[in-house]
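What's counted below: heavy atoms across the whole structure, side chains too, no hydrogens, waters or symmetry copies. Residue numbers start from 1 in every chain, and the chains themselves are labelled A, B, ... in the order their sequence lines are given, proteins ahead of strands. In this text the structure is predicted, and so the values were computed from the model without any measurement.
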2 protein chains.
Amino acid sequence: MTDVQEIDGAVKEGRRERKRRQTRERIEAAALALFLERGFDGTTIEDITEAADVSKRSFFDYFPSKEEVVFAWQDSFADELADAVAAQPKDASIVAVIEGALTSALLAAMADPQSLAIGALIHDTPVLSARHQLKYAKLETKLTDALYARSGGGEEELLRLRLLSAIVVSTVRIGGERWNERPQDLPLQEFAQDLFRELWAILVDLGALVEQRSSRR
Amino acid sequence: MTDVQEIDGAVKEGRRERKRRQTRERIEAAALALFLERGFDGTTIEDITEAADVSKRSFFDYFPSKEEVVFAWQDSFADELADAVAAQPKDASIVAVIEGALTSALLAAMADPQSLAIGALIHDTPVLSARHQLKYAKLETKLTDALYARSGGGEEELLRLRLLSAIVVSTVRIGGERWNERPQDLPLQEFAQDLFRELWAILVDLGALVEQRSSRR
DNA sequence: TTGTATTTTTGCGTTTAGTGCAATAATTAA
DNA sequence: TTAATTATTGCACTAAACGCAAAAATACAA
């Protein structure tokens, strides 16, 4: 029925699954290389399938669309973040949880040397930019769920966490834009640290500002 | 050279411009009606052009893509918001500026009775959702620019305002989602008021929480 | 090994979005 | 009226994406 063999609880690939995985990787590698070389719009699916030596029709058996090839690699980020949130110490404050989880997830994601080039590709391909925004939206809901799972509050808490997630994801997004624009003289770890420091400071200021205004009327 | 005649500083439409505007409105109306009836994907451009009685080719002379028809109507929102920000009293606090400007811009935008149906259409059409996110991104930068123009601070202030804009836009987005999900028993004005009240309260709490944590280490 | 069931890959045809170009029609200005 | 602009259209073309059925590769059982 299936090619997967279980031995000692581990999973062993059959020839079928191995080849399928290899083909997928071949398509992905060929596509990304071509995208970076000729641009996203300047690359046709046929170009990709020829480079990867599969039929045009097979492409769609592996990826639902041309765009998905670009975003498939980072599909895991949201899940990794959720895991990282769950892995934070039980008694940590929500602020510490977010900072800790995001830093570790970011470091893992940026380990891939291609991530920078892909970021640039997304940045100057309008259709990919639009698609990219959706990633942030998904990230936001996943983060909300992960946080909500930790501190199982009520309905009231949910809005708070959605907003907090939105703030955090916005910070990541804005930070990412900065990271791509500015000279990256400092390592990511410190960059993230600085960014969070600024974020928290701004939130403190903002809180004080709002409080001041609320009490005034 | 141009058909526009200026009389007393007002602009008078020539026949050409009037017809062009009418055609554009006809296409837009036909498209939206069909989208709401058969769904976005279930409507072809030919359906639209037949209903609007123009050639298929002309459609692309008015709209660059099928999606743009959906989003054209709300293109003005960001500008209206920017204007509303500029129109707030000079001495108002940034918090008051945001609340005031957004409330007025929202009320104006929601005056269109179609906006609710279009919101639903966007919500359950994936490709439109992705596109919609981009609107929020643009809104965010416009809001940032408008706020930055008011309180001409330095580089430091810019990050703060970007983040603040992100927070506000996220609030609008999340509020909008709520507005579409929940029974809309209360009028928009009160809804917005409640939403902002919650937002400010959360920001105060969050500020305190962060401060507490920062001072602890 | 051989036969059989399952899965993968491919080829082919079709629909639809979107573009380029050149011809035609409508509008404006002289 | 004529000449110049501008708008509209038809036609051909590219490319993405899907459905379907044939062919190839793989797994498995006897």
Side-chain angles (χ1 to χ4, degrees), chain A residues 1-7 11-28 30-31 34-35 38-72 125-128 130-131, chain B residues 1-7 11-28 30-31 34-35 38-72 125-128 130-131:
Chain A
M1 201 60 168
T2 172
D3 299 345
V4 177
Q5 312 285 338
E6 291 206 20
I7 298 174
V11 175
K12 199 178 185 179
E13 268 182 338
R15 194 198 314 275
R16 240 172 209 166
E17 264 131 7
R18 178 160 15 91
K19 286 193 115 183
R20 196 166 170 80
R21 181 178 49 75
Q22 286 170 346
T23 303
R24 189 188 165 89
E25 284 167 2
R26 221 167 54 241
I27 293 175
E28 195 173 319
L34 286 169
F35 289 162
R38 314 181 190 174
F40 184 78
D41 296 323
T43 305
T44 70
I45 297 208
E46 265 199 305
D47 293 339
I48 299 169
T49 56
E50 271 165 32
D53 198 34
V54 289
S55 75
K56 183 187 157 198
R57 193 62 188 80
S58 285
F59 177 91
F60 293 101
D61 195 36
Y62 286 91
F63 298 95
S65 78
K66 206 172 138 186
E67 298 170 12
E68 284 309 306
V69 187
V70 180
F71 292 102
T125 308
V127 68
L128 293 183
R131 191 59 223 290
Chain B
M1 203 63 168
T2 172
D3 299 343
V4 177
Q5 312 287 337
E6 290 204 20
I7 298 175
V11 175
K12 199 179 185 178
E13 270 182 337
R15 193 197 315 274
R16 232 168 218 170
E17 264 131 7
R18 182 173 52 254
K19 286 193 113 183
R20 198 167 169 79
R21 181 178 49 74
Q22 287 170 346
T23 303
R24 188 188 166 89
E25 285 168 0
R26 220 167 54 240
I27 294 176
E28 196 174 318
L34 286 170
F35 289 162
R38 314 182 191 172
F40 183 78
D41 295 323
T43 306
T44 71
I45 298 211
E46 266 198 306
D47 292 339
I48 299 169
T49 56
E50 270 166 32
D53 197 33
V54 290
S55 74
K56 180 191 157 196
R57 192 65 187 76
S58 285
F59 176 91
F60 292 101
D61 195 36
Y62 284 91
F63 298 94
S65 77
K66 206 171 139 187
E67 298 170 13
E68 284 308 305
V69 188
V70 179
F71 292 103
T125 308
V127 69
L128 293 184
R131 190 58 222 291

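Regarding A/Asp53, its CG atom lies at a distance of 16 Å from the P atom of D/dA24, rounded to whole Å. Between the CG atom of A/Asp47 and the P atom of D/dA15 there is a distance of 8 Å, rounded to whole Å. The CZ-P distance, from A/Phe59 to C/dG11, rounds to 16 Å in whole Å. The distance from atom CG of B/Asp61 to atom P of D/dT6 is 13 Å, rounded to the nearest whole Å. Going from atom CZ of A/Arg18 over to atom C1' of C/dT7 covers 16 Å, rounded to whole Å. Rounded to whole angstrom, the span from the CD atom of B/Gln22 across to the P atom of C/dA26 amounts to 16 Å.
Minimum heavy-atom separation, A/Asp53 to A/Arg26: O-NH2, 3.9 Å. What you find for B/Arg24 and B/Ala72 is that their closest heavy atoms are NH2-CB, 3.9 Å. Taking each heavy atom of B/Leu128 and B/Phe71 in turn, the nearest pair found is O-CZ, 3.3 Å.
Among residues two or more places apart in sequence or in another chain, the side chain to side chain contact (heavy atoms under 4.5 Å, CB included) test is passed with A/Asp47 by A/Leu34, A/Arg38, A/Thr43, A/Thr44. A search for salt bridge (Lys or Arg N to Asp or Glu O under 4.0 Å) contacts involving A/Glu25 returns A/Arg21, not counting sequence neighbours. Checked against salt bridge (Lys or Arg N to Asp or Glu O under 4.0 Å), A/Glu46 has no partners two or more places apart in sequence or in another chain.
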Can you give the donor-acceptor pairs under 3.5 Å from side chains of residues 56-64 of chain B to other protein atoms, not counting sequence neighbours?
{"unit_1": "B/Ser58", "atom_1": "OG", "unit_2": "B/Ser55", "atom_2": "OG", "d": "3.1"}
{"unit_1": "B/Asp61", "atom_1": "OD2", "unit_2": "B/Arg20", "atom_2": "NH1", "d": "3.4"}

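Contact annotation: A/Ser58 does not reach the phosphate of C/dT9 (side-chain N/O to OP1 or OP2, under 4.0 Å). Proximity of A/Arg15 to the phosphate of D/dA27: a side-chain N or O atom is located under 4.0 Å from OP1 or OP2. B/Arg20 has no side-chain polar atom (N or O) that falls below the 4.0 Å cut-off from OP1 or OP2 of C/dT27. The side chain of A/Tyr62 contributes an N or O atom lying less than 4.0 Å from OP1 or OP2 of C/dT9. Taking only side-chain nitrogens and oxygens, A/Lys19 comes nearer than 4.0 Å to OP1 or OP2 of D/dT26.
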Quick test: give all pairs of protein nitrogen or oxygen and nucleotides 21-24 of chain C nitrogen or oxygen below 3.5 Å, distance rounded to 0.1 Å.
none

Could you go over nucleotides 14-17 of chain C and give all protein N or O partners under 3.5 Å, atom names and distances?
{"unit_1": "C/dA17", "atom_1": "OP1", "unit_2": "B/Lys66", "atom_2": "NZ", "d": "3.0"}
{"unit_1": "C/dA17", "atom_1": "OP2", "unit_2": "B/Ile45", "atom_2": "N", "d": "3.2"}

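A/Phe35 has its side chain within reach of A/Ile48: a pair of non-hydrogen atoms, C-beta onward, lies under 4.5 Å apart.
Between the CD atom of A/Gln22 and the CZ atom of A/Arg15 there is a distance of 11.0 Å, given to the nearest 0.5 Å.
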